[in-house]
Asks: 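One structure is given below, represented as structure tokens, and several questions about it will come after.
Order of the sequence lines fixes the chain letters, A, B, ..., with proteins taken first and strands second; residue numbering starts at 1 for each chain. Predicted, not measured: the structure shown is a model, and the values here were computed from it.
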Protein chains: 2
Amino acid sequence: MTADPHPTAGSASHHGHDHAHCIADALMRADALCAERGARLTALRRQVLELVWNSHKPRGAYAILEDLSQREGKATAPLTVYRALEFLVEHGLVHRIESLNAYIGCAAPGAVHSGQFLVCETCGNAVEIDDPRIRAAIGTIAAEHGFQVSRPTVEVRGTCTDCQEKTP
Amino acid sequence: MTADPHPTAGSASHHGHDHAHCIADALMRADALCAERGARLTALRRQVLELVWNSHKPRGAYAILEDLSQREGKATAPLTVYRALEFLVEHGLVHRIESLNAYIGCAAPGAVHSGQFLVCETCGNAVEIDDPRIRAAIGTIAAEHGFQVSRPTVEVRGTCTDCQEKTP
DNA sequence: TCCGGCGATGTAATAAGATAACGCCATGAC
DNA sequence: GTCATGGCGTTATCTTATTACATCGCCGGA
């Protein structure tokens with residue numbers, strides 16, 4: 001374990017917003033969504049979801065694993081976390097950022113969307129976008145190729161506004 | 001090592017085209033590009049490039065490693081392959097498919113493009129596209145967010161025409 | 001020619017990410 | 001109560017990627 005270049009946010013780091021509210025909100029929506037679907041948001045899964053929402057930075061499975069182990073006070077197996085993440089991803093509560101092998105809370109669970117992200121290489125924050133133009137453009141070109149889309153992935157690496165200002 | 005669901009193509013598998021020509025062409029362009037830039041396309045790097053071009057399916061680093069070891073008649077270290085891949089990616093001769101942890105030859109080395117792919121989940125083939133609409137849409141939304149793009153990644157998973165026909 | 005430097009490669013060890021195989025236990029339907 | 005199902009624990013293992021350090025070979029300048 002080496003030093004994390006993008007330390008996890010505390011309770012209020014992203015633009016100084018009330019992140020505790022983010023978390024609470026995400027958990028509430030997850031509860032509602034799972035209840036509606038008859039999916040079981042168990043204590044473990046809820047815990048993992050909360051840990052994913054700990055910041056707006058994508059987090060690796062093993063980072064979450066460490067957090068979980070610490071909270072539980074005992075070592076947890078990787079599989080435990082992966083299974084919970086699998087459930088959360090399946091139900092659209094969490095997205096996987098392919099280019100980082102990491103996971104991030106979904107900003108709009110329940111809504112139809114395709115998972116598009118602006119990932120800042122400096123601070124590590126990832127903002128979920130869902131631009132209809134991108135979606136449309138992908139749909140169009142796929143159609144032109146006779147390609148049937150199942151899962152579009154858009155991950156734009158770059159520098160966010162804040163980080164541009166800090167290093168001009 | 002388990003059975004590969006997407007076995008590597010022989011000399012003529014993708015739409016029955018002359019794949020040997022694909023390879024030869026790719027190597028020629030690589031030679032030209034590197035010469036032009038003063039980059040050293042060493043025997044090893046050229047070999048790895050050739051192995052990447054062995055098919056139109058993204059290939060994992062360790063798959064390439066195996067091929068290389070076999071060709072050389074002696075075990076090769078992972079690092080050897082990773083270093084060669086790094087060089088090839090840097091010079092735009094090869095793209096990395098993030099969602100597969102795999103590598104594929106670039107269809108248009110030298111040209112400005114952003115790396116967009118249609119990846120078939122059935123046959124494993126990946127087609128590189130470079131749709132200006134997608135590029136434009138990403139540029140627009142990034143600008144709206146004040147986000148400075150360094151590396152856009154678009155990987156569309158789905159089913160290609162051929163595979164749709166085979167399993168209707 | 002010899003030397004120095006630098007980029008490329010070799011070797012070994014290990015980190016990081018993910019899954020397979022097996023079994024127990026809690027929950028809920030009947 | 002019984003049974004089926006799904007969730008979770010345990011262990012082992014696999015795949016992917018990197019760190020650290022040594023060596024080689026080419027090329028330019030003295």
Side-chain angles (χ1 to χ4, degrees), chain A residues 1-6 30 34-35 37-49 51-52 58-69 71-91 93-104 124, chain B residues 1-6 30 34-35 37-49 51-52 58-69 71-91 93-104 124:
Chain A
M1 196 59 185
T2 55
D4 185 347
H6 310 310
C34 287
R37 294 182 187 172
R40 294 169 56 184
L41 187 61
T42 64
L44 178 66
R45 289 167 176 172
R46 208 164 181 282
Q47 180 105 313
V48 169
L49 180 58
L51 289 170
V52 169
R59 309 204 67 203
Y62 277 68
I64 294 166
L65 176 61
E66 273 189 29
D67 290 352
L68 188 61
S69 296
R71 273 209 194 181
E72 302 280 305
K74 60 174 183 180
T76 310
L79 208 54
T80 304
V81 169
Y82 279 107
R83 282 196 282 227
L85 287 172
E86 187 186 6
F87 171 91
L88 296 170
V89 168
E90 255 172 22
H91 287 276
L93 297 166
V94 162
H95 289 289
R96 178 180 158 81
I97 306 292
E98 302 290 349
S99 57
L100 294 174
N101 296 329
Y103 303 83
I104 192 170
Chain B
M1 198 56 187
T2 56
D4 185 347
H6 310 308
C34 287
R37 294 184 187 171
R40 294 170 55 183
L41 187 62
T42 64
L44 177 64
R45 290 167 175 171
R46 207 165 182 281
Q47 179 106 311
V48 169
L49 179 60
L51 290 171
V52 169
R59 309 207 67 205
Y62 278 70
I64 294 167
L65 175 62
E66 274 190 29
D67 290 354
L68 188 61
S69 296
R71 274 210 195 178
E72 301 281 304
K74 61 173 181 179
T76 310
L79 205 54
T80 304
V81 169
Y82 279 107
R83 282 197 282 227
L85 287 172
E86 187 185 6
F87 171 90
L88 296 169
V89 168
E90 253 171 26
H91 288 276
L93 297 166
V94 162
H95 290 289
R96 178 179 158 81
I97 306 292
E98 302 290 349
S99 57
L100 293 173
N101 296 328
Y103 302 81
I104 191 168

Asks: What is the separation between atom CD1 on A/I64 and atom P on C/dA16, rounded to the nearest whole Å?
Replies: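 It works out to 15 Å between those atoms.
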Asks: Do the side-chain N or O atoms of A/Y103 get closer than 4.0 angstrom to the phosphate oxygens (OP1, OP2) of C/dG17?
Replies: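 Answer is no, no contact under 4.0 Å.
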Asks: Got a list of protein N/O to nucleotides 7-11 of chain C N/O distances below 3.5 Å?
Replies:
residue : atom : partner : partner atom : Å
C/dA8   : OP1  : B/R45   : NH1          : 3.2
C/dA8   : OP1  : B/R45   : NH2          : 3.4
C/dA8   : O5'  : B/R45   : NH2          : 3.4
C/dT9   : OP1  : B/T42   : OG1          : 2.6
C/dG10  : N7   : B/R83   : NH2          : 2.6
C/dG10  : O6   : B/R83   : NH1          : 3.2

Asks: Could you give the CD-to-C1' distance, from A/E90 to D/dG6, as a whole number of Å?
Replies: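 One finds 13 Å between C1' of D/dG6 and CD of A/E90, rounded.
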Asks: Grab the CZ-P distance between A/R46 and D/dG7 for me, whole Å please.
Replies: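 Atom-to-atom, A/R46 to D/dG7, this comes out as 17 Å.
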Asks: Could you pick out which residue, B/Y62 or A/L100, lies toward the 5' side of DNA chain C when each is mapped onto its nearest nucleotide?
Replies: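 Result: B/Y62.
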Asks: Just the rounded figure in Å: distance from P of C/dG17 to CG of B/N101.
Replies: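 It works out to 11 Å between those atoms.
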Asks: Checking A/T76 against A/E66 for the side chain to side chain contact (heavy atoms under 4.5 Å, CB included) test, could you report, in this order, the C-alpha distance in whole Å, the side-chain angles of both residues, the deciding distance, and whether it holds?
Replies: CA-CA 8 Å; A/T76 310; A/E66 273 189 29; over 6 Å; no
Asks: Taking all non-hydrogen atoms of both residues into account, name the closest pair between B/R45 and B/L88 and its distance.
Replies: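 Closest pair (atom of B/R45, atom of B/L88, distance): O-CD1, 3.9 Å.
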Asks: Atom CD of A/E98 and atom P of D/dA17: how far apart are they, to the nearest Å?
Replies: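 Nearest whole value for this atom pair: 13 Å.
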Asks: Write down the distance between CG (A/L68) and C1' (D/dC8), rounded to a whole number of angstrom.
Replies: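 Atom CG in A/L68 sits about 12 Å away from atom C1' in D/dC8.
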Asks: Minimum heavy-atom separation for A/P58 and A/G124, please, with both atom names.
Replies: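 Minimum heavy-atom separation between A/P58 and A/G124: CD-O, 3.2 Å.
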Asks: Taking only the side-chain nitrogens and oxygens of B/R96, find out if one of them lies under 4.0 Å from OP1 or OP2 of D/dT16.
Replies: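 No, no such contact exists.
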Asks: Given atom CG of B/L65 and atom P of D/dT18, what is their separation to the nearest angstrom?
Replies: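 Distance, rounded to whole Å: 15 Å.
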Asks: Only counting residues at least two apart or in another chain, list the ones meeting ring pair (Phe, Tyr, Trp, His ring centres under 6.0 Å) with A/Y82.
Replies: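 Residues passing ring pair (Phe, Tyr, Trp, His ring centres under 6.0 Å) with A/Y82: none at all.
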Asks: OH of B/Y82 versus P of C/dA15: gap in Å, rounded?
Replies: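 After rounding, the gap between these two atoms is 17 Å.
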Asks: Quick check: does any side chain N or O of B/R37 sit under 3.5 Å from a backbone N or O of B/H91, one acting as donor and the other as acceptor?
Replies: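 It does hold such a pair.
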Asks: Any side-chain heavy atom of B/R71 sitting closer than 4.5 Å to one from B/L51?
Replies: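 Yes - at least one pair of side-chain heavy atoms lies under 4.5 Å apart.
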Asks: As a test of understanding, state which of A/V94, A/D67, A/V52 forms a side-chain contact (heavy atoms from CB on, under 4.5 Å) with A/R59.
Replies: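 So, applying the side-chain contact (heavy atoms from CB on, under 4.5 Å) to A/R59 and each of A/V94, A/D67, A/V52, only A/D67 qualifies.
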